[in-house]
Every structure is written in C-alpha cells, then in structure tokens.
Amino acid sequence: MGGLLTFTRIFDAITDPLLAFLYDRVNTRWGKIRPLMLLGWAIQSLGIMAMFSWAASKGFGIPMFLITYMIYVIGYTIVNMTAQTLPALLTNDPKQRPTVGVWQTVFNYLVPMAFTIILNTVLLPKYGQITVTEAGGYAVNYSQAYLTAAAAFTVIVSLVGVILVCIGISAYDKPENFEGTNKSGERLKWKDMWAVLSKNKPLQAYIIAASSDKIAQQAGSAAIVGTMLSGILIGNMTIATYLSVGGMLPSIIFAIIGARYCGKHGNKESIVNWAKYCIYANLAIIAFFTVTWYTVGTHTIANLGLTMVLYILLTLICNGFMMAGTTANTAFMADIIDYELDRSGKYIPAVVSGTYSLVDKIVSSFSALIATGCVALIGYTNTMPQPGDTPTGAIFWVTMFLRYGLAILGWLCTLWAMRTCNLGKAEMVEVQKRIADKKAEAKAEMAE
Amino acid sequence: MAKEKLTQSEIDGVQYRRAKLWQIILVACNALNGMAIYSPASASASPP
C-alpha cells in the first residue's frame, strides 16, 4: 500500500510539467483556457464517477483504483494547471492583482462549508445509513448509494464552477494574450522548461520559500499534531473545530489586508514582511504555551478564561498573518510569469507554475514523514497519540516544534531565499514597461 | 476643486490591463471545482 501511495504521489507530481506541453499546444477558435478547462473537467469527472460509482463495489481491486485515480489526476491537473495561469491573464495592475487571491480565499472557505452541510444534511440522510448505537450515539455507513450520489453532485457542481470560470475569462481568452515577445514563435521544448528552472531567479527563490513553508505547514497540521495539541495538551478536541469555523471571517479580513499591503508595497516585499510577522506571532504563541505549561497548565485553555482567550487570539493572529502571506504568494506567481515573458520572450505560464508544482509536491511529500518521525522519537512507534493521553514534557515540546517551530524554520528559509530576489515593486514596473515596449515593437514589425 | 486620484497606470507610466470585478469573481468560482471534490473526501473521513 505504501508503494502504491508513493507511485500516485510521483504520478501527481510529474503530470504538472508534462501537461504544460499540452497547455502550450492548445490554440482553438474558442481560445486556449475554455477548451482546456472543459477537457480537464470531463476527464476528472470520468475518474470520479468511475472511482466512486461505476467501478466501485464490484471487486475490481487495486488495479482499477489505480487506473481511475490516474484518470482523475490527469483531469484535475489540466483544470488546476490552467486555473493557476488565470490571475496573470486577468490583470497585470499591481494594485488589482492581489485582489484575485482574496476572492479565491472567500470561495475556498465558503464552498467546503456549504458542501459539508449539503452532504451531511441532505444526501447522507437520504442515501446513507445512520444507525443509533447502544451507547446512544450515531454510526454512519457511507453506502454505495451515498457515494454515487455524492460523486454525481460533486461532478454537477464542479461543471457549474468551470462554466462560470469560462464566462469570466472569455474576454481574455484570445491568442494575442498568449503570444511571446520574441519573433521565433517556437513550440515549447524540454530545454525551455530547464531554462525556466535554471535561469528564472525569482522562481528559484519562490520555490524555496513556498516549498519550505508548505512542508512546515503540512507537518504542523497533520492529524496527530492536532490530536497532541487539542486532545492531549488542551484536553478538548472541539476547540479546534470552533476555531476552524470561527476563524474564517478573520482569515478573509486578513486576506483583504494582505491584498492592500501588496498593492502598496509590492508582492515580493509583502512575502518578506509577512514572513517576519508570522515568525514573531509564532514565537509569541510558543512563549504563551510555555508559560501556561509551567504555571497553570495547558488544560486550562479548555475552560473559559484568560488562557482560552489568549490562545484563541494568538491563533487567529497567526492564521491571519499566514493568510496575508498566502495572498502575496498567489500574486507573486503571476509576477514571475510576466518576468519570464520579459526574460525569455516566451509566455509560458503553465511551465512556470508546473515547474514550481513539481518541486513543491516532491518536497512536501516528506511532511508526513517528519510528523510521524518526530512522534516516533518520543515513543509512539506502534501506536498513535490518542485524545486523553497523559500530557508529558516530551509531548509538549514535540507539539510545539511540529505545530509552530517548524513553521518558523519555513519562514526563515523564505527570508533567506528572498534576499537574492530582485523582483520587487519597482522592478515589476520596469518589467511591465519592457513587455509593453517589446509587444508594441513586434506589432509594428508585423504591420510592416 | 478636489484633486483627481491618479490611476496606477498614470503613476507608473504603464498601460495596465485591469479586469472587471465580476470577471474576477467568476474566475474565483474555480473553487466550486477544486473544493467540491476536496469536500466530500474530507466530509466522508469525519462523520457528523
């Protein structure tokens, strides 16, 4: 099973740069983006329906799961890769570019919330099997009927989303927006991909910065870390759920603050500054936990009082600062795409985002290993930490390291990587000027 | 007379490409695709 999961991870990682070649070659009379989005949706939906309905519960076993999962990954990658190129296409105004990420954040919070409600209150009672246990609780059986209904509902909603995206991007989905500034008009080659990775210095800095942040945040948000923090140290798992729901609005507010900050200071400067603020906020929460651990005890956080209020406040601040940094990251990727157009004369957004995605997926796949490895060091080799286990000093410090310390290391990597990146606010203005001049020159030569 | 606020294009001397708000919102609806697929997986993993 471990080998299977490893194979699926590797497959998921390599499809991004491979499908970048597909992105470069698709140019139809309906544009590039719309056909790719719809093609990707169709392939991904085929994978989903096969996995959860058509080929499910029929005894086909692992080979069929592997085939349907690979179909799903190809479809999902086409859609996702295409979607990542949209912010750069929509706008190059440095004040407007970060706002694209704000709206993505709003929907990224609202859609899962709406979906969970619909699945659990409409589809599950209708198609699933809910039984009352002897202890008076509920046992849920996710029957095949429920999985089929959930898969069909997901496919329909995702189609609505893809159609809305196609409508929104239609004005920009024109061949002239995908042209480079050099005159060769050559097709994409493997050496172009290598040139992007080896010569695009801002992309190199971004890969180091974003990957180190991601590996740290994924390790910190692993289920066992949540169990150790909320279930053992605090002694109340539901506090994490309340924070997750209640933290949505503050996160959206911080995304808006982050977008305004980017517009004023530039995306690269914003990434650096929010990384510093995140370090300070995480140091503050580690200090809070340390003082609480050695005085009144971390279990007091579970009860309404000063420690609970401080914990909630510091967590919302930490999460908010991270959200502001994420907004800057999204806009900075669009800047890197334009920088590549200026540097090489080629408009290759899928290559830029696909190259980053390949490295990111490989690096962040180690996050689970880090979390389980650290937990094994304190004695959890055959079992996992469970809510209600006795809190010990070892559990406390491993939790602090995985949840907050590793993230600080990630942000320190960001600061180190970004110190050599020159793609600040002023340089981006010059990049846009050079692109505009080169495009005007190319247009004039064609007219002659 | 109130001074008109300069646009970013006028400040930077570059003719920027700006999207309309409704276009940005519609493009963000890609979350209906990505999050729609992510949500059932996570909802099924944690019963109500």
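Reminder, nothing fancy here: chain letters follow the sequence lines and each chain counts from 1. What's counted below: heavy atoms across the whole structure, side chains too, no hydrogens, waters or symmetry copies.
Residue A:Val79 touches chain B through its side chain alone, counting heavy-atom pairs closer than 4.5 Å. Using a 4.5 Å cut-off between heavy atoms, A:Phe153 does not touch chain B at all.
Between the side chains of A:Gln432 and A:Asp338, at least one donor N or O sits under 3.5 Å from an acceptor N or O. Under the 3.5 Å distance criterion, with hydrogens and angles disregarded, no donor-acceptor pair is assigned to the side chains of A:Thr91 and B:Tyr16. Inspection of the B:Asn30 and A:Gln104 side chains reveals no N or O donor paired with an N or O acceptor under 3.5 Å.
For residues 81-90 of chain A, heavy-atom neighbours of chain B at less than 4.5 Å comprise A:Ala83, A:Leu86, A:Ala88, A:Leu89, A:Leu90, sorted by residue number.
Taking A:Lys438 as the reference, A:Asp342 meet the salt bridge (charged side-chain N to carboxylate O under 4.0 Å, His left out) condition, with sequence neighbours excluded.
Note on B:Gln23, B:Lys20, B:Arg18: by heavy-atom pairs under 4.5 Å with chain A, the leading option is B:Arg18. Between chain B and the residues A:Leu110, A:Ile435, A:Val100, A:Leu164, the largest count of heavy-atom pairs under 4.5 Å involves A:Leu164. Ranking A:Gly101, A:Ala426, A:Pro94 against chain B, the residue ahead of the rest is A:Pro94, based on heavy-atom pairs under 4.5 Å. Chain A forms more heavy-atom pairs under 4.5 Å with one residue of B:Val14, B:Thr7, B:Leu26 than with any other, namely B:Leu26.
Formation of a donor-acceptor pair under 3.5 Å by the A:Lys425 side chain with backbone atoms of A:Lys264 is found in this model. Without hydrogens or angle criteria, A:Gln96 side chain to A:Asp93 main chain gives no donor-acceptor distance under 3.5 Å. Without hydrogens or angle criteria, A:Thr330 side chain to A:Thr326 main chain gives a donor-acceptor distance under 3.5 Å.
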Worksheet item: Step by step, would you call A:Arg434 with A:Glu427 a salt bridge (Lys or Arg N to Asp or Glu O under 4.0 Å)?
Response: CA-CA 11 Å; A:Arg434 287 195 294 265; A:Glu427 177 60 17; 3.1 Å; yes
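Between A:Asp335 and A:Arg97, at least one side-chain N (NZ, or NE/NH1/NH2) sits under 4.0 Å from a carboxylate O, which counts as a salt bridge.
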